[in-house]
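Scroll down for the structure; my scribbles are underneath it.
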2 protein chains.
Amino acid sequence: MPVAEDGEGVGEARKGATLGRRATTRRIGIADVALKAGVSHATVSRVMNGNFTVDPAIAARVRAAATELNYQPNPVGRSLALGKTDTIGIVVPDLSNPTFQAILRGLSMAAAQDGYRVLIADSSEVSSEEAILAGEARRRCDGLVLCAPRMGDAELEELAPSLQPMVLINRTTVDTHTPSLMVDYGQGIQELAEHLVDLGHTRLAFLAGPARSASNGLRLVGLKKFMTAHPEIELTMLDGGSTFEAGHQSVDAVVASGATGILAFNDLVAMGLLSGLHERGVRVPEDISVTGFDDIPFARYTTPTLTTAAVPITELGQQAWHRMRDLIRHVPSDAVAEGPTVFQPRLEVRGSTGAAKG
Amino acid sequence: MPVAEDGEGVGEARKGATLGRRATTRRIGIADVALKAGVSHATVSRVMNGNFTVDPAIAARVRAAATELNYQPNPVGRSLALGKTDTIGIVVPDLSNPTFQAILRGLSMAAAQDGYRVLIADSSEVSSEEAILAGEARRRCDGLVLCAPRMGDAELEELAPSLQPMVLINRTTVDTHTPSLMVDYGQGIQELAEHLVDLGHTRLAFLAGPARSASNGLRLVGLKKFMTAHPEIELTMLDGGSTFEAGHQSVDAVVASGATGILAFNDLVAMGLLSGLHERGVRVPEDISVTGFDDIPFARYTTPTLTTAAVPITELGQQAWHRMRDLIRHVPSDAVAEGPTVFQPRLEVRGSTGAAKG
DNA sequence: GAATGATGAGAAAGCGTTTTCTCAGAACGT
DNA sequence: ACGTTCTGAGAAAACGCTTTCTCATCATTC
């Protein structure tokens, strides 16, 4: 009877079991396969990675041993050796926001296509934690997508170099090798306002979003432009937020403002407002017209359906991955030097806006 | 002039730079800190991990060097040495579904509390990919949460051992050390049906969900019970799905069924249906009553507001983490042996249900 | 038939940590 | 003053893999 060549004595030679670091049976490693196939670790590695400098006969033997033992290379070991993790991180301010969920989904699906996974870091709108969280995540991943970070400009600039490769969403850096994807909220809100004016509304109100939100700032800039172009229009600014509740709670303020055309910060706020107005018996769009922003899937199914500015959110996530992929693969991209990629929202007229009351 | 003790010659001795594996300046490693502090790697490691067998003076020197160089331990290296990644994976069938988003959020936030991160694996409802995806994810993580897996029972049983530690959501295994969190969809749908009966409805319809969905099966079981308890009630089964579109498209079938109380598979389907009925001029709840399931945040803000069965979805995610944590820490839990933890949905009566037409 | 060149596989050196092992040197007791 | 125990830090092994380096072996050529 042969002694070791039969390949059955795999486990007994392993130190792990006797060392007792882990009481449980150790996972199958490259050494086990090597032993079983009667070759060295190196050869097994070569076979597993499709290196063709291996004798076909031996390769077959290795593959047989691998499948028989159901061997799967340990990703951590590979990561350490290769210096990459095949994982990217995404930092979002709030995972409960449908916008960020959609971006996450687009990113995750696109990355999966290329064999990459996504690690989540939710800062829960705590901007002070963002930096640590981002650094933490970055070290575990090959790259980082920062989604509308709430941190200040200075901090972002300072952090940027240590987070490379990085892709920004709805934020920019002076750093020339950080791609940035922006939605033109300013343009979008102007189009919505114009739409209301076209319908005959002369008194508008804007339900603002969170103060720290950069996208809220862009909307304000857009509205300023709008007001200079339409000095005849009265525009009331109302404090709001980014949630259902914010919209719902601002019903009183909205009604009190006397405005007939309401620009909500986003679809969520608009839906909250819609619901509040309905409870009050205010008819939409007969009495008051309401617009949202983002065109989340729900916007098609509200009553009435919601006029909004459609943002290709999921595509934004996809694009983020494509930029990231180029960075990781060191594909030179002139798109980065040309500044941020800007996505134009598309006006989506539905049932929540109508002609102003006689 | 001292030669190396000044600690300034840190970079020059490093092989990485000259080796040229990476053109870019190498990341700061433990060796750099050791060199700068004039101690060995081992000591640096001890200090970084709060091992108190280090002379306070030396420890201080190491810490100073570490902060000065802005040293952060490489997580991959740690993972390899420690045999853990501080990461858990979650496999979901469809990230665009609000239910799974909520679970993800609950899981992610709870795990973050304990310093763990979450890796996403979206199977896109392709049940054949689920197994590979799960295995892949598991190897990168310390544990796996399988969220309503679509794979067959046999495959799940077979896979279970290799995925430990694992937590199941809305699925069970015979495997006694796999915690399972279940929502009692059967009970919930019965309560909704009872609610409609109490309102005087005698002709009901159920808009079914995806065939592969285990939770749909539970609803069907619940409805069977309901029918035996209420032989006088007529219940029509209609094919549906789990999306807005499914609900919206089934308007014709719903109206044709002649039912006045509609049990939609979930809130999304209910919202799609609501919207379709509104377009047709069918009044809710005057002409037809509609119920959803899950109580997603949007359910409070539909018009009319949606009667539904509230499931503590985010809490489900949290609980999933707590179970996982116990598994990872080897905390003996009798809860597992006692079978799945069952969450009872709570009937949430809102505006979409009303008395049956006289 | 010996020198040269391919070819292919093993040995060993990384990757960046943690942790065990080992051994100086200090503190202590007799 | 000498041996013993402790303390604390360095050397080295381990984690699981990839990849370079090295060297047999065999085919080729003059």
Side-chain angles (χ1 to χ4, degrees), chain A residues 10 13-22 24 26-35 37-62 65-66 69 71-86 139-140 142, chain B residues 10 13-22 24 26-35 37-62 65-66 69 71-86 139-140 142:
Chain A
V10 169
R14 299 302 308 243
K15 288 161 274 174
T18 59
L19 195 64
R21 286 214 186 190
R22 274 199 220 166
T24 116
R26 272 203 43 272
R27 241 192 160 64
I28 296 292
I30 202 172
D32 302 300
V33 180
L35 197 60
V39 297
S40 68
H41 329 270
T43 300
V44 176
S45 173
R46 281 190 271 258
V47 172
M48 298 303 291
N49 293 293
N51 187 325
F52 289 112
T53 71
V54 179
D55 185 296
I58 294 183
R61 216 164 73 223
V62 170
L69 293 173
Y71 167 69
Q72 305 285 136
N74 176 329
V76 179
R78 297 198 78 213
S79 289
L80 190 57
L82 294 172
K84 65 185 202 129
T85 61
D86 290 351
R139 255 167 280 129
R140 289 189 140 73
D142 298 344
Chain B
V10 169
R14 299 303 310 245
K15 287 162 275 175
T18 59
L19 195 65
R21 284 213 187 188
R22 274 200 221 167
T24 115
R26 272 205 42 272
R27 242 190 159 65
I28 296 292
I30 203 172
D32 302 299
V33 180
L35 197 60
V39 298
S40 69
H41 329 271
T43 301
V44 176
S45 173
R46 282 190 270 259
V47 172
M48 297 304 290
N49 292 294
N51 187 325
F52 290 111
T53 71
V54 179
D55 184 296
I58 294 183
R61 217 164 73 224
V62 169
L69 293 174
Y71 167 71
Q72 305 284 137
N74 176 329
V76 179
R78 296 199 78 210
S79 289
L80 189 58
L82 293 172
K84 65 187 202 125
T85 61
D86 289 350
R139 255 167 279 130
R140 291 188 137 72
D142 298 344

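The chains referred to below are lettered A, B, ... by the order of the sequence lines, with proteins before strands, and numbering in each begins at 1. The shown structure was predicted, so the numbers you read here are calculated from the model rather than taken from an experiment.
Proximity of Asn49(A) to the phosphate of dT18(D): a side-chain N or O atom is located under 4.0 Å from OP1 or OP2. Within the structure, a side-chain polar atom (N or O) of Tyr71(A) is placed less than 4.0 Å from OP1 or OP2 of dC17(D). Residue Ser40(B) places no side-chain N or O under 4.0 Å from the OP1 or OP2 atom of dA11(D). Between Thr53(A) and the phosphate of dG8(C), there is no side-chain N or O to OP1/OP2 separation shorter than 4.0 Å.
Taking 4.5 Å as the limit, every side-chain heavy atom of Asn74(B) sits out of range of all side-chain heavy atoms of Arg27(B).
For the pair Arg78(A) CZ and dT18(D) P, the computed distance is 5 Å after rounding to whole Å. Separating the NE2 atom of His41(B) from the P atom of dA14(D) is a distance of 17 Å, rounded to the nearest angstrom. Between the CZ atom of Arg46(A) and the P atom of dT20(D) there is a distance of 11 Å, rounded to whole Å. Put simply, CG on Leu80(B) is 17 Å from P on dG14(C), counting in whole angstrom units. Note: CZ (Arg140(B)) to P (dC17(D)) measures 13 Å, nearest angstrom. Rounded to whole Å, the distance from CZ on Phe52(A) to P on dA9(C) is 14 Å. Spacing between atom CG of Asn51(A) and atom P of dT18(D) amounts to 11 Å, rounded to whole angstrom units. For Asp32(B) and dC15(C), the CG to P distance is 11 Å, given to the nearest whole Å.
Separation of atoms OG1 (Thr43(A)) and CE (Met48(A)) is listed at 13.0 Å; rounding is to 0.5 Å. Taking CG of Leu69(A) as the reference point, atom CD1 of Ile28(A) lies at 5.0 Å (rounded to 0.5 Å). The CG atom of Leu82(B) sits 7.5 Å away from the CG atom of Asn49(B) when rounded to the nearest 0.5 Å.
Nearest nucleotide to the Ile30(A) side chain, out of dC17(D), dT19(D), dT17(C): dC17(D). Of the candidate nucleotides dG10(D), dT18(D), dG16(C), dT18(D) has the atom lying nearest to any side-chain atom of Ser45(A).
Summary of the strand contacts: Ala42(A) and Pro56(A) both lie near DNA chain C, and taking for each the nucleotide with the nearest heavy atom, the more 5' one is attributed to Pro56(A). Between Val39(B) and Leu82(B), it is Val39(B) whose nearest contact on DNA chain D lies nearer the 5' terminus.
No donor-acceptor contact under 3.5 Å links the side chain of Arg27(B) to the base of dG16(C).
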Exercise. Test side-chain contact (heavy atoms from CB on, under 4.5 Å) on Thr85(B) and Arg140(B) and set out the steps.
Key: CA-CA 7 Å; Thr85(B) 61; Arg140(B) 291 188 137 72; over 6 Å; no

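If you check every strand for non-hydrogen atoms under 4.0 Å, Val76(A) touches nothing.
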